[in-house]
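Quick notes on the structure that follows.
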Amino acid sequence: MTPTITLQDVDAYIERIRASGAMGKSERRLRLLEHLAKAEVLDKGDQLKAYTIALDIFDKSEDFDPSTDSIVRVEVGRLRTAIAVFEASTFADTDIRIDIPVGTYRPNITYRATYTPTAQIAAEPRATRQRKTSWWTVAVTAIATTLLWIGWLEFYAPRQDPAENAIAVQIDDLKGSDQSGQQAGLILRRVLARNKAITVLSAPEDAKLHPHAEFVLRGAILEVDDQKQASVELINAQTSRTVWAKSVALQSGERLEETLAKTIGNELRVRLFGVTKNVLEGRDPNRLSPEQLFVMATWVPGPATNAVEWELERIELMQMALEKSPKFGAAHSVLADKLAYLANVYGPSDTPALRDQAHWHAQRALELAPLDPDVMFNVAQSQWHSGHIHDSEQTMRRVVALDRSHDLARFLALVIPYTCRVAPDDTLAEAIGFDANLSPDNPIRWLTLTWIAWLHLHREEYSAALEAETEAALIFQIPYTFMRRAVLLNKLGRPDAAADVIRSQQVNWPDISPEHFAKVTIPRLCSEEDSAAPFIENYVTLAKAMTPRL
């Protein structure tokens, strides 16, 4: 029999979320949460309408009209954000869990899987009782239970073909006049092995399609005018449509392995991450492996949504991954990145407790997976968001040492030192050259272009910076990038256009604020530099110009 949730459970939850800092300094948001939760516990959830909430919590008069005043909808949306941030922290060890589904004001309140009813605790011998089960005890118990179930499944449960539960990519040996085609197939297989969310399949002996293959990698090594040329294409096995294709010519003295791994392998890996993520988005996350959840949540150029809600969903996915595999270092690395990112760009998420959580997850990731370049990449990003620029540069260089083909890490290691410094001509030229060598439709170009814009901004080359930032925005944008575009428009005497940029993003980032960037975001990024005042002043000037416009 499921125990009944009590008002005391709600009180304990409220105190814990208050202590976490997820609510910031908003006492009204805490009162809103308490009001919604206790109404549900008292079987009055059907009375939770925008009108009654406005009168009870927001002191609105009886002529309040929810159709013209969105305060309740907006504040409940912010409450959902705060709850999601709380759930991503180690403070979330409460007996109950509360969430408010989109489209309703009625919360779902359930006991956590780790909850032990009071009656059961009372039945234990006094010597073994504890006032509250520690997280370590819960983790050990969960791991032990998992091992028992694995043992049972190993001997009794029916086995499944792993390919049925994974995204399978079939690699055909690349056609060629010598052994180069077979060699190329082995090289690309090593590149794809980094993506733990997929299963790499060899072509069947009859050269037909493997029954479980969702994508096929094909290509050829050709001799053209005494020069070898490698051509590769990724094909959707279900539709037979080409998802991506690339051809490169080997320069004189260049080794096939180096060209494939660096020029083709890098972009192939990014593209496959993207198509993998698209496929996984259509599946039940509860049935995905931790590795597949990681692909859905980690920083992947391509499929993403520029919105705080999307970022919070990635946090929830990583919480699910840790429930499945408590020592999955990759999940800790994503949580470190996401929590540090939100803390720096989004005021409601900037609390000491959540910044501590980001640091803790980064340290845990380093302990559990110090040799995984994808984990190290996320940790480097987390360090950057937190203003530890030197550490971020060093960690990016560690990524390159672990994976010599990780050109994006090499690019970031080049530009990160100039987060709050003026880049010399050769650094700017190298960054521009890196971007120029990418395919025009390569999804990582929004990142290379926005960094080029940043370098131009610090050099007071505002028109060139705006040109690069505008091009980047056509691919993707995040708070760092659209706020920098607003800075540039303001510097060029177009404050109304700057306000339009910020205003257009407020639907996805309701509490986004130029003041937060001026007082927190940029000063934090520049905290290691003594001469960063001019760069911070750019955002201070923007905040002042936006005050009468937003």
Side-chain angles (χ1 to χ4, degrees), residues 20-29 74-75 78 81-82 85 306-308 311 337-359 381-392 416 418-422 450 453-454 457-458 460 462 465 469 477-491 495-506 508-550:
S20 74
M23 292 287 186
K25 298 179 180 179
S26 178
E27 285 295 325
R28 187 171 69 176
R29 204 163 294 159
V74 170
E75 284 299 324
R78 291 170 178 171
T81 299
V85 171
N306 171 34
V308 64
E311 299 294 345
D337 180 19
K338 297 298 184 185
L339 291 173
Y341 167 52
L342 290 177
N344 205 35
V345 302
Y346 202 56
S349 299
D350 184 33
T351 68
L354 293 177
R355 293 198 298 273
D356 287 345
Q357 288 300 310
H359 178 72
Q381 294 282 76
S382 173
Q383 292 167 332
W384 186 83
H385 297 309
S386 301
H388 304 306
I389 306 303
H390 177 73
D391 289 345
S392 178
I416 280 173
Y418 301 99
T419 298
C420 291
R421 291 164 52 193
V422 176
T450 196
W454 203 325
L457 170 61
H458 289 347
E460 300 183 1
Y462 302 129
E469 197 65 75
Q477 51 188 325
I478 60 175
Y480 287 120
T481 67
F482 66 71
M483 201 64 74
R484 182 159 53 250
R485 188 150 53 102
V487 164
L488 289 164
L489 288 166
N490 190 54
K491 294 292 291 187
D496 290 336
D500 288 342
V501 168
I502 298 172
R503 194 179 296 111
S504 69
Q505 297 296 328
Q506 288 177 331
N508 291 330
W509 297 86
D511 286 311
I512 202 70
S513 163
E515 289 81 9
H516 182 79
F517 268 71
K519 295 178 180 179
V520 176
T521 306
I522 305 304
R524 183 174 291 155
L525 290 178
C526 296
S527 60
E528 295 180 350
E529 291 292 338
D530 295 331
S531 56
F535 312 137
I536 298 172
E537 184 61 28
N538 289 332
Y539 289 83
V540 172
T541 303
L542 174 69
K544 291 178 180 177
M546 295 301 101
T547 299
R549 291 178 168 84
L550 293 178

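Just one of Val520, Thr521, Asp511 meets the side-chain contact (heavy atoms from CB on, under 4.5 Å) condition when paired with Tyr346; it is Asp511. Shown are Val487, Leu488, Leu489; of these, the side-chain contact (heavy atoms from CB on, under 4.5 Å) with Val501 is made only by Leu489.
To the nearest 0.5 angstrom, Lys338 atom NZ is 9.5 Å from Gln381 atom CD. With values rounded to the nearest 0.5 angstrom, Gln357 atom CD is found 7.0 Å from Leu339 atom CG. Distance CG/Asp530 to CZ/Arg421: 11.5 Å, rounded to 0.5 Å. Of the inter-residue distances, the one linking Asn490 atom CG with Lys544 atom NZ reads 11.5 Å to the nearest 0.5 angstrom.
Here the shortest heavy-atom pairing between Phe517 and Pro523 reads O-CD, 3.6 Å. Here the shortest heavy-atom pairing between Asp391 and Gln383 reads O-OE1, 3.2 Å. Closest approach of Ala465 and Leu457 over heavy atoms only: CB-N, 3.8 Å.
Residues Tyr418 and His458 form no side-chain contact, since every pair of their non-hydrogen atoms from C-beta on lies 4.5 Å or further apart. A 4.5 Å side-chain heavy-atom check between Asn306 and Phe482 finds at least one atom pair inside the cut-off. Side-chain contact between Ser386 and Arg355: absent, with no pair of heavy atoms (C-beta onward) separated by less than 4.5 Å. Counting heavy atoms from C-beta outward, Asn538 and Arg484 have side chains that stay 4.5 Å or more apart.
In this structure a side-chain-to-backbone donor-acceptor pair under 3.5 Å is missing from Gln505 to Ile512.
Note: Tyr480 and His385 have parallel aromatic rings, judged against thresholds of 30 and 60 degrees for the angle between ring planes.
Remark: Asp350 engages Arg524 in a salt bridge, criterion side-chain N to carboxylate O under 4.0 Å.
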